[in-house]
Structures are given as C-alpha cells and as structure tokens.
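One-based numbering, in listed order, for ligands and for the atoms of each. Remember, predicted model here, so these are calculated numbers, not experimental data. In this chain, residues are counted from 1 in sequence order.
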Amino acid sequence: MNLPHSQPVADFSDYRDDFPALQQSVNGQPLVYLDSAASAQQPNAVIEAVASYQREDHANVHRGVHTLSHRATESYEGARDKLCNFINASSRAEIVLTSGTTESINLVAQSFCRPVLKPGDQILITWLEHHSNIVPWQLVCEQTGAELIVAPINDRGEVELDALYELMTERVKLLGIGHVSNALGSINPLRDIIGHAKQAGITVLVDGAQGVPHMSVDVQSLGCDFYAFSGHKMFGPTGTGILWGREQLLEAMPPYQGGGDMILEVSFEQTVFNELPYKFEAGTPNISGVIGLGAAVDYLSGIGMDSVLEHEKSLHAYMVTQLAAIEGIRLVGTAENQASVQSFLLNDIHPHDLGTILDHQGVAIRTGHHCAMPLMQRFGLPGTARASLGLYNDRDDIDRLTGALEKARQVFA
Ligand code: PMP
C-alpha cells in the first residue's frame with residue numbers, strides 16, 4: 001500500500017531541501033539543527049509568502065478601501081481559514097490570532113478566569129508544564145485569591161493519572177495541561193485526561209505549542225475548551241500564535257486588550273466591541289507573520305501530519321537507541337509515549353559545555369532548564385541537554401549528534 005502514513009523514513013529527507021537555513025555550514029561543518037522545539041526553521045514557501053506580501057501587498061488590514069489593503073486582508077484572513085481547517089475548529093470565529101502560545105494562555109487567564117475566580121477556587125496544572133503554562137495562572141491566582149495546584153509526574157516524565165484525577169474536585173475551575181512536554185517529549189493522553197476533566201465539570205486549556213507541529217490535532221474530537229499554539233514552532237514566522245476557544249466561551253469573555261480593530265463603535269460614554277474573533281485582536285496585527293503562517297499550514301497539510309508523527313516517532317526511537325549506546329549517557333524523560341524531543345546528560349559534563357562543544361561540530365542543540373524550572377527541580381537537575389526533531393531531520397543528523405557526543409566524552413575524559 002502506498003498510503004501517506006506508510007511513507008518510508010528516507011523519503012522525508014527530501015523535505016530538507018525546502019529549508020534554506022539547513023543548507024549552510026556552521027563552524028566548518030554542515031549544520032545539523034536539533035533545536036526545533038525552541039523554534040523550527042522555515043521552508044521557502046513561508047519565506048516567499050512573507051517576502052511577496054512585503055514586496056507587493058503591504059498595507060494595513062480590515063480598514064482600507066484600496067487594492068493593497070484588500071489583498072493584505074484577503075491573505076491575512078485566508079490564513080485564519082487555513083488554521084481553522086487545520087485544527088478542525090467549527091468556525092473561523094474561534095481562531096483568535098495572537099503573538100504566540102504565551103499570549104494565548106495569558107488571554108485565557110485574564111479574560112476567562114480573572115472575572116470568575118474567587119478565593120477557594122483552584123487552577124490545576126502538572127509538573128510537566130512550561131513556564132508559559134505556569135506563570136499566567138500564578139498571576140491570576142494572586143489577583144483573585146484562587147490557588148494553583150500541581151499534579152505529580154513519575155520518574156519517566158509521565159503525569160500520574162490517578163493523582164491528577166483525584167485532584168479534579170469541584171473546586172478546580174480550569175485545567176491547564178501541555179499536549180507534549182517541551183523538555184521531556186512526553187505526549188499526554190489528552191483524550192482520557194480531558195474526558196475525566198469534563199466529567200468533573202472542569203474547563204480545559206491545552207498548551208499545544210509542542211503538539212501542533214508534530215501531529216494531527218482535531219480540537220473538536222479532543223473535547224478541550226481552549227487550545228493554544230505558536231506559529232514559529234510549526235515552521236511559520238515568530239510573533240504569531242493562535243488561541244482556539246469554543247465560540248460560546250469566547251463570546252462570554254470580556255476583551256483582553258482595548259484599541260483599534262476590536263471595536264464596532266466608540267464614544268467617550270461607551271464602546272461596542274467587535275464580533276469574534278476580532279474582539280480579542282486589538283491593534284495592527286502581525287500581518288506578514290500570519291500570512292507566512294498560512295503558507296506553513298499549506299506546507300504541513302501537503303505532507304500530512306500523520307506522516308510527520310510517524311517519521312518523528314521512528315527517528316526518536318533511533319535517537320534513543322543511539323544515545324543509549326554512548327557510555328555515560330543518562331536519558332532524562334523516558335515516557336512510553338514520547339516523540340520529537342530527548343533530554344539527556346553526559347557523565348558530569350555541564351549541559352552548556354556540551355552544547356558549546358556540539359556547536360563547534362555544527363550540531364545545534366538546546367541546553368538549560370527549557371523554561372521548565374519546576375520540572376528540572378523534580379529531577380534534581382539544574383538543566384539538561386536537549387535534542388529536538390523537526391520533519392526535516394533524518395538518521396544522518398542523529399549519527400552526527402552521537403558522533404559529536406562521543407568526541408565530547410573523550411574531551412572531558
Ligand atoms: N509551551 C510550550 C510547551 C513551549 O514549548 C513553549 C515554547 N518553548 C511555549 C509554551 C511558549 O511558546 P511561545 O514562546 O511561542 O509563546
């Protein structure tokens with residue numbers, strides 16, 4: 001059978017040619033980019049969509065009657081439609097364009113939670129979360145007297161589901177949970193978790209920053225209430241992001257920020273807010289970025305997200321085997337369901353030193369706490385080295401990584 005999801009791993013290497021940044025040498029070696037969890041490289045299609053808007057169509061959106069403004073508006077709103085289809089939202093009104101996952105989560109904390117939270121209420125998160133899915137809840141808890149509670153994880157980096165479900169009492173007003181851990185790669189069993197939360201009457205926000213770039217996401221079938229993600233991790237431009245929310249919930253929420261574009265009518269006495277999703281989009285948006293993001297959605301749709309997931313799972317399995325064979329390696333994060341990310345340590349080499357030695361060999365990885373300090377504390381570590389995959393990586397990249405690590409081990413022997 002020649003179904004897209006049965007595409008052999010080798011075919012995926014061809015996509016690398018679409019990414020100009022991957023064609024360069026760094027420190028005299030062909031670049032191996034293993035930092036896509038921080039920010040993914042952009043294909044030519046995205047770069048060209050942005051450049052073409054800037055060259056020919058640049059104008060402000062929504063308000064202009066002239067041709068350039070029409071063209072800009074069409075491409076910008078076209079990207080919203082593409083995003084709507086990509087995550088199977090039920091309406092384009094549910095696609096709020098933001099600057100990234102961080103802003104999307106802050107929007108929910110301030111517009112959905114802040115008006116209703118009271119002392120005694122709880123927000124539930126897990127130990128796996130990125131700071132962007134911790135700090136906005138801390139802020140709103142401080143503002144309202146509500147309490148932030150945290151579900152534990154096990155030593156493999158998996159959420160302890162029984163403990164999580166026990167914490168789901170009527171006091172919990174919102175569960176904020178990551179789709180995939182950026183530090184450990186653990187994929188949360190969202191269907192189960194959301195099912196339990198819904199039974200307990202809890203609103204669920206999914207931090208999908210590491211979900212959407214790596215697998216097919218259908219927000220309606222997931223059953224969550226909000227899903228937040230970033231453009232730059234899904235091969236689009238920085239400064240773009242999405243908050244998907246159920247229309248009914250968004251409708252009832254007050255605006256997040258005031259300004260142009262989010263209004264229908266303004267007088268000094270009162271303002272009538274715009275309809276969804278514009279009510280949440282004050283001011284001139286990142287027009288070129290969103291147009292580029294639309295091109296990224298087209299690019300990913302052309303490949304198929306099920307194929308991307310299969311490719312990355314297979315590559316991740318190879319990476320784990322190859323890393324484990326290196327003397328002195330300690331894998332951090334060994335969840336049963338894991339993809340695209342692997343954290344590790346090598347002997348007692350400081351992760352930053354490791355990252356620097358690898359960079360000298362043209363291999364880009366990330367080192368540090370990965371914006372997940374509580375998670376690092378859970379493992380008793382100041383940080384880790386992390387290799388993260390994108391659809392353009394292949395086995396040669398993994399071999400270069402392990403070769404560079406062998407060298408580092410010898411340097412520090
Ligand atoms: N959540 C997770 C799981 C992430 O990996 C990141 C980015 N590292 C964020 C949230 C924040 O995304 P952004 O900086 O694009 O807002």
Determine the sole option in Val32, Asn393, Leu358, Asp396 for which the side chain to side chain contact (heavy atoms under 4.5 Å, CB included) test with Leu401 is passed.
-> Leu358
Residues that Gln122 engages under side chain to side chain contact (heavy atoms under 4.5 Å, CB included), provided they are two or more places apart | Glu147, Ile149, Thr169, Arg171, Val172
Point-to-point distance, once rounded to the nearest 0.5 Å, from CG of Leu164 to CG of Leu175 | 6.0 Å
Run the ring-centre check on His130 versus His370 and record whether the distance is less than 6.0 Å.
-> no
Aromatic ring pairing Tyr299/Tyr15, orientation class (parallel under 30°, perpendicular over 60°, tilted between) = perpendicular
Are there any N/O pairs under 3.5 Å between ligand 1 and the protein, and if so, what are their distances?
unit_1	atom_1	unit_2	atom_2	d
ligand 1	1 (N)	Asp207	OD1	3.2
ligand 1	1 (N)	Asp207	OD2	2.6
ligand 1	5 (O)	Gln210	NE2	2.7
ligand 1	8 (N)	His130	NE2	3.2
ligand 1	8 (N)	Lys233	NZ	2.7
ligand 1	15 (O)	Ser230	OG	2.7
ligand 1	15 (O)	His232	NE2	2.7
ligand 1	16 (O)	Thr101	N	3.3
ligand 1	16 (O)	Thr102	N	2.9
ligand 1	16 (O)	Thr102	OG1	2.6

Cationic tip of Arg16 within the cone over Tyr392's six-membered ring, i.e. under 6.0 Å and within 45° of the normal?
-> no
